[in-house]
Amino acid sequence: MNILLANRWIRGSIIAGPLVALLVGFLVIPLSFVLWGSVEGTKLNFGHYARIISNETNLRILLYTLKIGLIVTVVSLAAGYPVAYLLTKIRPRALSIVTIFILVPLFTAFLIRTYAWIIILGREGIINNTLVRLGIASEPLPLLNTTFAVVIGMTHVFIPMAIFTMFSSMTRIDHDFARAAQILGAKPVQAFLRVYFPMSLPGVFSAGILIFIVAIGFYITPALLGGPSDTMISQLIVTQMTTLLNFELSYASSIVLLLVTIATLFLASLFIPLEMIWSPAIAELSNQPPGARSRALKGAKRFLQPLLIAVETLVHATTKPLLTHKSRWLWAYTVVVLVFLTAPLIVVVILSFSSSSFVVFPPPGFSLRWWEKLANATDWQASFLFSTKLGLTSALLATIIGTMGAFWLVRTTLPIKRALFLFSLSPLMVPVVIVATSLYVFEARIHVLGSFIGLVLGHVLLSVPYVIVVMAAALRGFDQSLERAAAVHGARPTQVLRLVTLPILKPALLTAGLLAFLTSFDELLVSIFLLGRQTPTLPMKFWGDIKYQVDPLLSTASTFIVALVIVSILTVQWIRVRHEIRTSTSARK
């Protein structure tokens, strides 16, 4: 092994091989099968694409998908920006506490959060019962199965994503620039709008693109909270594939959705480096020269200068009482957002101890009956154990493959490094419904559909990009002189890796592994297509029960999973803090 690792090209092939094989074998080739099937192979029949455009229902679904994606993106950015801004100003201890309250909803399964909104928005839900009891409404309002419910549910999912994506970019902005502008006579609003806000726009734009491309391929929330008129294209693809068995039309719909995603990413690339969307910490913005689009934006800014001044004056007059040094209004707003993010989970936890046989809030009494029922429910236990086994296997493989790929991407000297990095993140750029569809077609051809290995490969494919993002950021900040020092003192390459590199990277490895595990544990669409006759995963068990019945047993199972998420987050935080303390202590010695 040491002899092989001494050769740069052999070492690169060994390290990059698993990642390249995974992406080419289970993403590029399956997508080519879908593309080929959409035109019926050698027939080159483009009639299915024409049906999507000419058919009023299909076109309406496509346009509705884009509208919902845009609305959810704007609302998530507007709601998350003040919180991300506050996170850049507070002390580390307060930052850790607020971060935990955002991380718990972020890592809680989509199905659990959607189930919580079913309880809140239902005809006998919390909102309707409150309105009726207060006399505001004479009868329950139709909140569930509406566009309003879809937007609320999806916004609840994407606000944590928006906060962390913007924060990771905004944390590198020095607040002294805005303070300097105020010293030179600018009003607080002017200093913010003319200095800080333009510097934060790349992060805002990154978060917006990320949310939009995920939202237009979203499936769970629209399917459970929306009505027939709220069908999105991901639901159409699944229905065509699994119910109508119209494979060619579903292939064409998938390719159309993929083309919309590619067009969105192309437009985004005109403003920011695409790698910044998923990893702002390692994006090399300095290499991006200002283009014609940037000059056009500057011209538009000069043209709109009078309007900008009028808006600044109005905003300053309105917000002057709120702009205090201690940012009390920001704290108040952040608390409201945190309540919005955590309240649905709290409702689920409370209902898990309900004495009622039905979902009633507040519960009529306290009982552990549903916990006892969950403890004796062999089907839930089997699904949990299978999901855990699947998640651990997928996380282990994804962490190994992703870490090797991150080493190759960070330490290679190839001129196409940026393109390779984007290629490694390609599973994040393709909507999950397209990945699931293409894997279904491909694995059926290679006869692994419905097998455990086929399911693991699908989950690994979706998990690897998260590992790469985390490990690439960690390797960018790694001091390679420590490895060289170990080599000078006689350590072989494998010893350097085992005794020096990996121990230092342990917190990043644990974080990457946790992300990979939670990605697999929460995945539904890929499991629907690839599971076959195996034991249903926990998300599939949830999915089946939510579609046919809503009872406190679902709340109990949800509470159990939320508790596991909280323990996992606290454990990773504890390990990270311990590692930082040990590192700082060693540095002082």
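Keep in mind that this is a model prediction, so the values were computed, not measured.
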Worksheet item: Where does the angle between the aromatic ring planes of Y85 and Y196 fall among parallel (under 30°), tilted (30 to 60°) and perpendicular (over 60°)?
Response: perpendicular
Practice prompt. Check the pair V39 / N45 against side chain to side chain contact (heavy atoms under 4.5 Å, CB included), numbers first and verdict last.
Written response: CA-CA 5 Å; V39 294; N45 180 14; 5.6 Å; no
Discussion item. Can you confirm whether V441 sits close enough to P30 that some side-chain heavy atom of one is under 4.5 Å from a side-chain heavy atom of the other?
Written reply: no
Response to the item:
Exactly one candidate in I528, I237, I233 meets side-chain contact (heavy atoms from CB on, under 4.5 Å) with V433; the answer is I237
Discussion item. Could you check whether any side-chain heavy atom of T334 comes within less than 4.5 Å of a side-chain heavy atom of P82, counting everything from C-beta outward?
Written reply: no
Worksheet item: So how far is it from H48 NE2 to I53 CD1, rounded to the nearest 0.5 Å?
Response: 14.0 Å
Worksheet, complete the sentence: Closest heavy-atom pair, I61 versus T231, reported as atoms and distance to 0.1 Å, is CG2-O, 3.6 Å
Worksheet item: What's the shortest heavy-atom distance between T437 and M241, and which atoms?
Response: CG2-CE, 3.9 Å
Worksheet entry | Full working for side chain to side chain contact (heavy atoms under 4.5 Å, CB included) between N246 and R51 | CA-CA 12 Å; N246 193 339; R51 286 178 60 187; 3.8 Å; yes
Practice prompt. Report the residue from L338, I112, L341, I159 that forms a side-chain contact (heavy atoms from CB on, under 4.5 Å) with P105.
Written response: L341
Practice prompt. Please test L225 against N145 for side chain to side chain contact (heavy atoms under 4.5 Å, CB included), starting from the C-alpha separation and ending with a verdict.
Written response: CA-CA 5 Å; L225 298 183; N145 300 325; over 6 Å; no
Discussion item. Return the CG to CG distance between L257 and L236, rounded to the nearest 0.5 Å.
Written reply: 10.5 Å
Discussion item. So for atom OH, which belongs to Y466, do other residues, nucleotides or ligands contribute more than 12 heavy atoms lying within a distance under 6.0 Å?
Written reply: no
Practice prompt. Look at the aromatic rings of Y219 and W543 and report parallel, tilted or perpendicular, splitting at 30° and 60°.
Written response: tilted
Worksheet, complete the sentence: Tightest non-hydrogen contact, residues A474 and L505, listed as CB-CD2, 4.0 Å
Discussion item. Is there a side-chain contact between V464 and P427 in this structure, where contact means two heavy atoms from C-beta onward sitting under 4.5 Å apart?
Written reply: no
Discussion item. Please check this pair: side chain of E248 against backbone of S250, looking for a donor-acceptor N/O pair closer than 3.5 Å.
Written reply: no
Worksheet entry | Polar side-chain atom of D174 near backbone of F177 as donor-acceptor pair, under 3.5 Å | no
Discussion item. If you count every heavy atom of other residues, nucleotides or ligands that lies below 6.0 Å from F423 atom CZ, does the total exceed 12?
Written reply: yes
Discussion item. Exactly one of L59, L249, I255 should register a side-chain contact (heavy atoms from CB on, under 4.5 Å) with I52. Which one does?
Written reply: L249
Worksheet item: What pair of heavy atoms forms the shortest contact from S168 to T165, and how long is it?
Response: OG-O, 2.8 Å
Worksheet item: Any side-chain heavy atom of F529 sitting closer than 4.5 Å to one from L439?
Response: no
Worksheet item: Can you check whether L396 reaches F517 side chain to side chain, under 4.5 Å on heavy atoms?
Response: no
Discussion item. Quick check on F340: does its CZ atom have over 12 non-hydrogen neighbours (other residues, nucleotides or ligands) under 6.0 Å away?
Written reply: yes
Fill in: Any donor-acceptor pair under 3.5 Å from S54 side chain to A50 backbone
yes
Worksheet item: Under the ring-ring contact (aromatic ring centres under 6.0 Å, His included) rule, what pairs show up with a residue in residues 53-83, not counting sequence neighbours?
Response: Y81-F197
Fill in: Straight-line distance of L510 CG to S568 OG, nearest 0.5 Å
11.0 Å
Item to complete: Nearest 0.5 Å please: distance from the CG atom of L66 over to the CD1 atom of I71.
Response: 11.0 Å
Item to complete: Assert yes or no for the condition that the ring centre distance of F158 to F218 is strictly below 6.0 Å.
Response: yes
Discussion item. Is the shortest side-chain heavy-atom distance between L425 and V469 below 4.5 Å?
Written reply: yes
Response to the item:
Between S520 and G391, the two heavy atoms sitting closest are OG-CA, 3.4 Å
Worksheet item: Considering only heavy atoms from C-beta outward, does the side chain of I434 approach that of S234 to under 4.5 Å?
Response: no
Practice prompt. Would you indicate whether the side-chain heavy atoms of V83 and I102 approach each other to under 4.5 Å?
Written response: yes
Discussion item. If only side-chain N and O atoms count, and only distance matters, is there a donor-acceptor pair under 3.5 Å linking S463 with S394?
Written reply: no
Fill in: Ring geometry between H156 and W117 (parallel below 30°, tilted from 30 to 60°, perpendicular above 60°)
perpendicular
Worksheet entry | Step-by-step side chain to side chain contact (heavy atoms under 4.5 Å, CB included) determination, S253 to Q240 | CA-CA 9 Å; S253 301; Q240 290 168 345; 3.3 Å; yes
Worksheet item: So how far is it from D230 CG to Q235 CD, rounded to the nearest 0.5 Å?
Response: 8.5 Å
Worksheet item: Taking atom OH of Y440 as the centre, does the number of heavy atoms from other residues, nucleotides or ligands within less than 6.0 Å exceed 12?
Response: no
Discussion item. Testing the basics here: between R60 and P228, what is the closest heavy-atom pair and its distance to 0.1 Å?
Written reply: NH2-O, 4.4 Å
Worksheet item: What's the spacing between T403 OG1 and M471 CE if we round to 0.5 Å?
Response: 4.5 Å
